[in-house]
Novice: 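Quick one: the structure is below, and I'll ask about it shortly.
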Amino acid sequence: MSRVNPVHTEQANAISTNVHKFGGSSLADSACIKRVLTIVRRHCKKDDLIVVSANGDTTDTLFALFELAEAHDEALSSAIESLKLSQLKLIRELLSIESGQPLIEALDADIKQLTFWLLNQPQQFTNQILAFGEVWSARLLSAYISQEYTASYTIDARDYLIVDDAKHCQVQYEASQQQFNQLLEDQKLAVITGYIGKDSKGEAITLGRNGSDYSATIVAALAQAKNVTLWTDVDGIYSADPRVVPNARKLHRLPNEVAKELGRLGNPVLHAKTLKPLSFEQLPHTVHLHVASSFAPEVLGSEIGSFGEIAKQELSVTRLNDLLLIESEFLKTEQAKIAFEQFSVEQIDHELGFVVVQQHTQQQVTDWLASSNVQVRVTPIALVAAVGHNIAQQGNMFARFKRATKSAKPLRFIQSSNNHSIIAVLKENCTIELLNRVHHAMTKDARHIGLVVAGLGNIGEVFLSMLPEQLSRHHSLENTYLVGLLGSKKALIRDDGINPALAKALYEQHANDYDKAALMEWLGNHPYDELIVVDLTPSEEFSDYYQEFFAKGIHVIGANKWAASADTPQYNRLLSTASETGSLWYGNTTVGAGLPVNYALNDLARSGDKVIEISGIFSGTLSWLFESYDASVPFSTLLKDARNQGLTEPDPREDLSGKDVQRKLLILARLAGFELSLSDISVQNLVPEALQTISIDEFLARCEELDDYFEQAFSDAKAQNQCIRYVAKFAKTSAGYKAEVCLAQLGLSHAFASLTPCDNIFQIKSQWYHDNPLIIRGPGAGREVTAGGVHSDLVVACQTLNKKSKPVEIRGIN
Ligand code: ASP
Ligand code: MG
C-alpha cells in the first residue's frame, strides 16, 4: 500500500514487514472473504502479519447471547444454534470438505464450551465468550489462505498480548514482545486475532469495542513493521464525516499527531487508542498507517504518518454529540487526575476543573463521583471541533472558527494542549447544518492540487520563474503545489512539494533517472485531490501519455500540439476518456501562444454561435519572412538572417513545410466543432522536393534554389498591386468544408497584409460575426507570452477544480 516514488524507491520498504488488518464488515460473508483473499494475494508477503476482527456482527451476537443468558431467556439455545449455523455456512462456502473438517470439529467443541459458560457462569467468562468471534474469524481466514494461496497459521492474541486493563488497555510491550516472537513461524502467513489479549494474570481481556485496530497497531509495534493497513469499508479519512457533509474531502495524508487528535474527538474510523502504539518510544522508525477499503482496494486511501508542510495544512472538522460536561473544584486536584486515567475521558482540563464525558462512560464516571462524595455540576453538552496541525496557534483560524460557531452560542472554547484542535462546547447537539457551516468556513472547501511540469526548456523555465508569484497572487491557486519536474530523462517527484522558487536548482541537484512505468504508477497514486500535468515539451512521445493521464483522471494543460492534432479516432478517444473521468484538457497556447484564439473559439461554440470560416497567419516565422520580403534581397538571404536571429526552427524547413500551420488550423477547426484530420487539410510545402530530405547543412548550402520561386511569386503579386502571405484557411461549404494552407496573393488593404513582422492574425467569421469578422492579432510566439498563456490556463483549471466535489460511497463503518 505504500506509495512508490518513481525516482526514490525505498528499497528498505520492500523487505520490511507490513501489517494488514481486516475489519468485521470486510469479513462479513464468503464474498467478502474472497475479496480479502484477492487483497492478500496482491499485497501480503509471507512475513507480513494479518490481524482480523470477528466476521460481520459476530461480536454483537455474542453480546446478545450474553444478555439472553443473564436474563435466562429461552431464546438462548436457538440463538446459539443460529450463530453456529452462520459459522458453518462460511466454512462450507469457502473450504473443501477436507480442509473444512478440522474447523467444523473445533467449532463443535467451541460451541459446547460457549453454551456451558453461558448457562453456568456467563459473568466470569465474558471475555472468553467474546473471544470466540475473533478466534473463528482467524481460523477460517487462515485455512482459506492455506487452501487457496500459501501456507498460513493462526496466532491467538491471548497467547502473547499482555495489557493492563485498568489503564486504558496499556500494553506491557517487553513481555508481550518476547512471547510474540516465540509464536512466529517462518515462511508462513500469520493470521492473528484482534480485539483480545490477556492481563498480567493470564486472564482473557478485550481491548474494547472496535479494538482490533488497536490490536493491529500493537502488532506493528511488536513486529517493528513499517506499514499498517486498516482494510475497512470506507476508503479513507475525510475532512468531515462524508455521510453528512457532502463537501468533505478525503485527507490523503494526515500527520500522526493530527490523526490522534481526530481519533480522540470521535472520528468514526480512527479510534482513540489505535494510534497509541505508533509512537511507541522504542520504535526505531516511523510507522505509517493506511486506511483503505477492502471493497475498493484500487482506490487510494488515507495515509497517517510523518509528512512535510503540505500535509500539515490539512484541516478537518468533527462533532461529538450527547456528552456531559462535569465541573468541580475537585477536578483540579492531582488525585482526580490519577483517578480519571481509568476512564476514557475524552476531554480533560484539570486547570479549569472540568471533564467532558462520552455516553458510554457517563454512568461509570457519575457513579464514581457520587460515591466519592464530590460536589459536581453536570451539564449536557456537545462539541464541534476543527482539527489541524497547530491550528490553535493560528489566530485567524480561531477567529474564523468563532465566527462560524457563533450562532450556536458556545458555552466556551477549548484549545487542546497539543494545539492541534480548537473546540466549541455547545449547549445543544451539533446539527448537520452547523457542521457543514463550520466545515465550509474552516476548510473553504479547498482542494489540494498537485502540479507536475514536464519540459524544462525555454518555456518551462519562464513558466517556473513566474510560478511563485502566480501561486501567491491567485486565491484559486492557494492550495496548488509544485510536486514534479520532468525533463526528458530525469525527474524530481516529491509528495511533500518542491519549493517553486528553487525549482531549477532542486531539479539539478536531486533529479534522478525515471522510467515511464514508475512515473505512471506514481501518477495513479499521488496524494492530491487533483493533479495537473503541465506539458511544455514539444514531444510527440510525451503526448502519447495523455491517454493514460486522462484514464487516471489527471488534467493536462499544454503548449504541446501533438495530441490535439492527432488523427480523428485517437483524438476522439482522448476527448471521451477525459470526459468520462472528468479530466480537464486546456491548450490555449497550442495556437498563437498566449493569444486568446482558443478561448474565443471555445466561447463562441459554448455560446451557440456557429463558425463559418477561420483564416489567418499562424506562423510567426512565416509572418516575419513575408512581411519583410520585398525582393530587394534574395529570399534565401532573408531566411538565413531569420535563422541567425533565432526566428526559425534550427531546421527552417520545419517552418517552410507548413506542417505546423496545418496542425494549428486543425486544432482551431476542431475547437469550432468540426471533425477532421490533418490529411483533410491541404498544405503547400514551400521547400521544393529536391531539398526536402537532404541534411540541414546541405539544405542551407543549397537554399538559393528557393529564390526564383519567391521572386516570381512576389512580382506576379506586385503586378496586380497585391502581396504574398502564407495563409491558413478553413471554410465551411455547402458540401462540408474546405481547408488549406498555402502561399496566397492578397490585396494590400487585406487584414493580413500589413502586420508587425512575427505577429499572428486570426480572423473568425461566424453567424454572429458575419459582415465584420472577429480578429485577434498580436505576437504568436515568444517565451513570456507562451508561459503567460499557460498560466492563464492554470488559473482557469484551478478555479474549475476547486469547485469540484467527488461523491463518496459509504457502506457503514469498520
Ligand atoms: N469484533 C470486535 C468488535 O466488533 C472488535 C473489532 O471489530 O474491532 O467490536
Ligand atoms: Mg468491528
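Read the numbers this way: they start at 1 and go in the same order the structure lists the ligands and their atoms.
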Novice: Can you tell me how far the CG atom of Asp233 sits from the SG atom of Cys32, to the nearest 0.5 Å?
Specialist: 9.0 Å
Novice: Check ligand 1 against Glu134 and write out every atom of the ligand that is under 4.0 Å from a heavy-atom position of the residue.
Specialist: 1 (N), 2 (C), 5 (C)
Novice: Please say whether Asp213 places an N or O atom under 3.5 Å from an N or O atom belonging to ligand 1.
Specialist: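 By distance alone, the answer is no.
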Novice: Side-chain donor-acceptor pair under 3.5 Å between His43 and Thr229, yes or no?
Specialist: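 Note: His43 and Thr229 side chains miss the donor-acceptor criterion.
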Novice: Would you check, one step at a time, whether the test salt bridge (charged side-chain N to carboxylate O under 4.0 Å, His left out) holds for Lys84 with Glu81?
Specialist: CA-CA 5 Å; Lys84 179 180 168 185; Glu81 186 58 21; 5.1 Å; no
Novice: What's the spacing between Leu37 CG and Tyr144 OH if we round to 0.5 Å?
Specialist: 5.0 Å
Novice: Out of curiosity, is Gly211 lining ligand 1, as in a heavy atom under 4.0 Å away?
Specialist: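 Right, Gly211 reaches ligand 1.
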Novice: Evaluate Lys21 for polar contact with ligand 1, using N/O atom pairs at a separation under 3.5 Å.
Specialist: no
Novice: Out of Gly208, Ser53, Gly56, Ser25, whose heavy atom is nearest to atom 7 (O) of ligand 1?
Specialist: Ser53
Novice: Determine, for Arg139 against Asp110, whether the closest basic-nitrogen to carboxylate-oxygen distance falls under 4.0 angstrom.
Specialist: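 Looking at Asp110 together with Arg139, the answer is yes, because their closest N to O distance falls below 4.0 Å.
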